[in-house]
Amino acid sequence: MSRSRQPPLVTGISPNEGIPWTKVTIRGENLGTGPTDLIGLTICGHNCLLTAEWMSASKIVCRVGQAKNDKGDIIVTTKSGGRGTSTVSFKLLKPEKIGILDQSAVWVDEMNYYDMRTDRNKGIPPLSLRPANPLGIEIEKSKFSQKDLEMLFHGMSADFTSENFSAAWYLIENHSNTSFEQLKMAVANLKRQANKKSEGSLAYVKGGLSTFFEAQDALSAIHQKLEADGTEKVEGSMTQKLENVLNRASNTADTLFQEVLGRKDKADSTRNALNVLQRFKFLFNLPLNIERNIQKGDYDVVINDYEKAKSLFGKTEVQVFKKYYAEVETRIEALRELLLDKLLETPSTLHDQKRYIRYLSDLHTPGDPAWQCIGAQHKWILQLMHSCKEGYVKDLKANPGLHSPMLDLDNDTRPSVLGHLSQTASLKRGSSFQSGRDDTWRYKTPHRVAFVEKLTKLVLSQLPNFWKLWISYVNGSLFSETAEKSGQIERSKNVRQRQNDFKKMIQEVMHSLVKLARGALLPLSIRDGEAKQYGGWEVKCELSGQWLAHAIQTVRLTHESLTALEIPNDLLQTIQDLILDLRVRCVMVTLQHTAEEIKRLAEKEDWIVDNEGLTSLPCQFEQCIVCSLQSLKGVLECKPGEASVFQQPKTQEEVCQLSINIMQVFIYCLEQLSTKPDADIDTTHLSVDVSSPDLFGSVHEDFSLTSEQRLLIVLSNCCFLERHTFLNIAEHFEKHNFQGIEKITQVSMASLKELDQRLFENYIELKADPIVGSLEPGIYAGYFDWKDCLPPTGVRNYLKEALVNIIAVHAEVFTVSKELVPRVLSKVVEAVSEELSRLMQCVSSFSRNGALQARLEICALRDTVAVYLTPESKSSFKQALEALPQLSSGADKKKSRIQIRIRIRAVSRSISSL
């Protein structure tokens with residue numbers, strides 16, 4: 001038979017997979033010229049011609065039948081084109097087994113099911129149907145023997161309904177050869193089954209929606225057909241019979257399922273009753289459980305149980321429930337009070353405080369427990385600070401002698417500044433200031449300094465947690481998430497309102513800290529009305545500069561620690577003011593103590609003279625000031641945020657005056673040493689420097705210094721002070737940023753020069769007056785007369801005696817200080833020449849021999865001391881010579897010159913022999 005058309009070609013099918021009786025739409029080319037032309041249609045090898053509906057040459061609609069193959073082609077056969085081909089395929093899915101009690105949109109064939117569980121031999125009704133293949137994939141029995149599996153899985157079962165079900169046994173027995181991809185599909189099937197059960201009727205309607213539409217179409221078609229035939233109202237008609245059949249089917253179904261549904265309803269009622277009983281059990285046991293958990297400290301469990309009970313029975317109208325819930329509320333209220341007491345209890349850690357606040361927040365405690373805790377901590381810190389002060393004051397009154405004697409200004413046994421310089425370096429918090437000494441050192445620490453250390457440690461141990469508690473209160477981290485969300489708006493308002501209150505708390509703590517420290521360290525800086533609250537230190541002595549420096553270091557470290565907490569600087573300004581006042585006071589006290597140390601330097605003068613004519617006193621003076629300034633180095637240094645000690649003009653003036661006072665005190669010491677009576681000087685310890693010349697000719701065991709010798713030594717020291725020491729001290733003052741250095745130097749130099757001039761004049765008076773006083777008696781000794789004297793044969797003894805005395809002064813000065821010799825000898829020669837000039841001018845007349853004798857003596861004295869002549873002494877010698885008659889002849893002049901030279905040589909030899 002010839003064909004006039006091309007063979008059919010299937011190019012698409014929708015859907016491309018499904019279970020048997022799925023309605024599909026086939027599309028392609030040359031699918032026939034009409035319904036009569038379509039003579040064959042197979043899908044996956046199953047003939048579907050009976051359900052096929054030809055729509056057009058490119059579209060056919062049909063239902064998939066029961067096929068043996070899982071996947072296959074779609075073959076269309078027509079009269080005009082013959083057997084066709086397919087470019088697509090259809091995958092046939094195995095239908096899910098539906099239990100008798102499961103909802104279904106299609107008719108399910110009834111089957112007999114038997115209980116396969118090993119622990120039961122009794123059959124079960126079909127209504128207890130369970131799926132034979134829960135994974136929804138093909139079962140492939142394994143080759144393993146049942147006995148081997150039982151030995152491998154001892155005590156277990158492959159029945160998924162058993163309590164001892166083993167999934168591994170089930171998979172080995174039924175799916176040993178199944179691929180991993182199919183197992184993944186099985187997991188998806190299990191999830192779908194679980195979702196269907198959870199979705200309920202809505203999923204049932206969605207899954208059978210097409211079936212409902214088809215049923216509706218069929219009923220509509222039947223109705224239209226019956227209306228067209230006019231038989232729908234006829235008694236005994238097909239519709240009437242159908243209605244009767246349906247009613248009988250409904251009654252039969254009700255009869256059949258009544259027992260099952262009844263048992264199901266009864267089981268649901270029993271299950272609901274058990275659930276209710278379980279809820280009652282929780283409520284009835286809750287008060288006792290709350291007490292037990294509170295005793296164990298399991299507050300989280302109590303809060304969780306309370307929240308659960310509140311959600312279940314908080315609004316109940318059942319009297320029994322209301323009674324027990326009221327008992328629960330009573331226990332919870334007691335727990336709130338307990339937690340609040342623990343929260344306000346001091347001392348406590350920050351961790352515990354946060355924990356209790358969170359508990360109270362979860363329990364919806366009325367008020368603001370977090371703020372109450374902040375207030376309690378504030379009062380506790382203030383109480384600790386004042387209790388610390390009271391304890392130290394009480395201990396001081398009970399044991400007033402337990403402090404270092406070096407701090408008592410009235411006790412001369414304390415060491416000098418030099419002795420404490422090495423200790424100052426260790427006056428740092430946490431350093432070896434105490435550890436390097438014996439156990440009794442702690443008793444030497446002044447009570448006030450120990451109190452400030454204890455006070456700052458106390459504040460630093462409490463205030464950081466107090467500040468962190470406030471920060472947690474501000475950012476809401478104190479509260480749980482639920483409580484934070486519920487009370488966030490209200491807490492935001494509280495935070496804004498209480499920021500000023502907390503600022504006042506911090507200010508009060510800082511105020512108390514500073515006032516207590518001032519009461520201990522600077523008692524004069526607090527008002528009389530506050531002395532009782534912040535003072536009470538009944539001490540007669542003032543702290544030394546070293547202890548004040550130690551206290552400054554302590555307060556500085558406290559300020560640094562508080563700054564690290566990010567506390568605003570305006571709240572810490574009072575501490576900065578305290579540090580500045582302490583620094584100023586430390587400088588003042590140190591300078592005052594330095595003046596007292598220098599005042600006692602006179603006691604340490606050993607009168608040992610070195611090669612330069614100096615004792616150790618100037619060096620000790622300079623070293624004492626240098627050590628004092630060195631001890632103030634850390635005090636004068638400005639830390640970040642600190643002002644200079646010398647920023648106030650008043651402070652500058654006081655420091656300048658104290659510095660001048662130090663210099664003048666030492667000058668006064670020098671004056672006292674120079675004028676001290678001989679009996680008041682202890683010379684038993686004196687010795688002579690082995691490198692210096694023999695002091696004053698000879699040294700013996702019982703020698704003592706004369707007032708003239710002390711004057712020379714002090715004058716030598718004054719010269720060294722003027723040239724070196726005072727200038728070095730000025731440099732040290734400038735190095736430490738002292739103000740008014742020029743004034744200090746000028747005033748000190750003026751005082752020193754005044755003392756030097758006064759002592760010099762005293763010495764000259766002591767040495768020159770005896771020489772000058774011996775001239776006139778020596779000249780006129782033996783009734784000598786210038787008018788009647790013998791020819792000159794040489795200088796007389798008075799002149800030799802005067803020269804010997806001058807030489808003695810030279811020797812005395814030279815032994816002490818070579819530099820003083822010209823200054824002293826010049827003044828002595830001036831005094832002698834002036835007196836000699838006066839005496840010559842008082843002579844009324846000279847004989848020729850007298851004139852020669854006078855000229856000889858005047859010229860001999862002048863030429864002998866020519867090295868120490870000054871303009872004043874030269875003028876005096878000139879006036880003396882002018883008072884003599886002039887030599888008339890050249891022979892006399894020549895004779896006079898020769899005799900003068902001879903006499904000078906003779907005097908020189910005499911001096912050398914001396």
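Counting only heavy atoms from C-beta outward, the side chains of L582 and V555 approach each other to under 4.5 Å. With contacts defined as side-chain heavy-atom distances shorter than 4.5 Å, the pair L727/M749 qualifies. Inter-residue side-chain proximity for L820 and F760 is flagged as unmet; no heavy-atom pair is nearer than 4.5 Å. Using a 4.5 Å heavy-atom threshold, the side chains of Q739 and F733 count as separate. Under the 4.5 Å side-chain criterion, counting only non-hydrogen atoms from C-beta, T574 is not in contact with H511. Using a 4.5 Å heavy-atom threshold, the side chains of L721 and L670 count as touching. With a 4.5 Å cut-off on side-chain heavy atoms, R723 and E819 count as touching. Looking at L617 and K604, their side chains never come closer than 4.5 Å, going by heavy atoms from C-beta outward.
More than 12 heavy atoms of other residues, nucleotides or ligands shown are found within 6.0 angstrom of CD on Q757. Residue-environment remark: CD (E734) stays at or below the threshold of 12 foreign heavy atoms within 6.0 Å.
Contact detail for I662 and L591: the closest heavy-atom pair is CD1-O, 3.5 Å. Contact detail for S644 and L580: the closest heavy-atom pair is O-CD1, 3.8 Å. For the pair G545 and V589, the tightest heavy-atom approach, listed with the atom from each and the gap, is N-CG1, 3.9 Å. Annotation for I667 and S751: closest pair CD1-CB, 3.6 Å, computed over non-hydrogen atoms. Residues C718 and L752 come closest through the heavy atom pair O-CD2, 3.7 Å. Smallest separation of non-hydrogen atoms from P464 and L565: CA-CD1, 3.6 Å.
Take H724 and apply the ring-ring contact (aromatic ring centres under 6.0 Å, His included) test, not counting sequence neighbours, and it matches F720. Partners of Q648 under the side-chain hydrogen bond (donor to acceptor under 3.5 Å, both in side chains) rule, at least two apart in sequence or in another chain, do not exist in this structure. Scanning for ring-ring contact (aromatic ring centres under 6.0 Å, His included) contacts around F646 gives F738, with sequence neighbours left out. With sequence neighbours left out, the side-chain hydrogen bond (donor to acceptor under 3.5 Å, both in side chains) criterion links K743 to E653. Annotation: side-chain hydrogen bond (donor to acceptor under 3.5 Å, both in side chains) contacts of D581 (sequence neighbours excluded): R518. Listed by chain and number, the residues in a side-chain hydrogen bond (donor to acceptor under 3.5 Å, both in side chains) with E345 amount to none (sequence neighbours excluded).
Checked by atom type and distance alone, the side chain of R758 never pairs as donor or acceptor with a backbone atom of E671 at under 3.5 Å. The closest donor-acceptor contact from the side chain of N717 to the backbone of T615 lies under 3.5 Å. No donor-acceptor pair under 3.5 Å is formed between the side chain of R498 and the backbone N or O of W371. Without hydrogens or angle criteria, S461 side chain to L458 main chain gives a donor-acceptor distance under 3.5 Å. No side-chain donor-acceptor contact under 3.5 Å links S512 to the backbone of V509. At distances below 3.5 Å, at least one donor-acceptor pair connects side-chain atoms of T456 with backbone N or O atoms of E453. Checking side-chain atoms of Q746 against main-chain N and O of I744 turns up no donor-acceptor pair under 3.5 Å. Remark: the backbone N or O of V635 is paired with a side-chain donor or acceptor of R583 at under 3.5 angstrom.
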Take D352 and T349, measure what side-chain hydrogen bond (donor to acceptor under 3.5 Å, both in side chains) needs, and give me the verdict at the end.
-> CA-CA 5 Å; D352 290 339; T349 63; 3.1 Å; yes
Chi angles and distances behind the side chain to side chain contact (heavy atoms under 4.5 Å, CB included) call for L460, S561 | CA-CA 7 Å; L460 291 179; S561 300; 3.5 Å; yes
Please test V452 against H550 for side chain to side chain contact (heavy atoms under 4.5 Å, CB included), starting from the C-alpha separation and ending with a verdict.
-> CA-CA 10 Å; V452 172; H550 178 46; over 6 Å; no
Check against side chain to side chain contact (heavy atoms under 4.5 Å, CB included), M588 and V655 | CA-CA 7 Å; M588 301 295 183; V655 172; 3.8 Å; yes
Verdict with reasoning, L571 to L562, per side chain to side chain contact (heavy atoms under 4.5 Å, CB included) | CA-CA 10 Å; L571 299 179; L562 295 178; over 6 Å; no
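Taking CZ of R823 as the start and CG of L715 as the end, the distance is 6.0 Å to the nearest 0.5 Å. Between the CD atom of Q576 and the CD atom of E642 there is a distance of 5.5 Å, given to the nearest 0.5 Å. Atom OG1 of T554 sits about 13.5 Å away from atom NZ of K454, to the nearest 0.5 Å. Note: L629 CG to I729 CD1 = 8.5 Å, rounded to the nearest 0.5 Å. In this structure, M510 CE and I575 CD1 are separated by 5.0 Å, a value rounded to the nearest 0.5 Å. To the nearest 0.5 Å, the span separating CH2 on W467 from CD on E566 amounts to 8.5 Å.
In this structure, a donor-acceptor pair under 3.5 Å is present between the side chains of Q672 and Y668. When only modelled atom types and interatomic distance are considered, S616 and Q620 share a side-chain donor-acceptor pair under 3.5 Å. Residues Q573 and D577 have side chains that bring a donor and an acceptor to within less than 3.5 angstrom of each other. Side-chain N/O atoms of Y763 and E812 include a donor and acceptor closer than 3.5 Å.
Between F466 and F502, the ring centre distance stays below 6.0 Å.
Ion pairing of E761 with K827 is absent here, as no side-chain N (NZ or NE/NH1/NH2) approaches a carboxylate O to less than 4.0 Å. Taking the charged nitrogens against the carboxylate oxygens, K639 and E560 have no contact shorter than 4.0 Å, which rules out a salt bridge.
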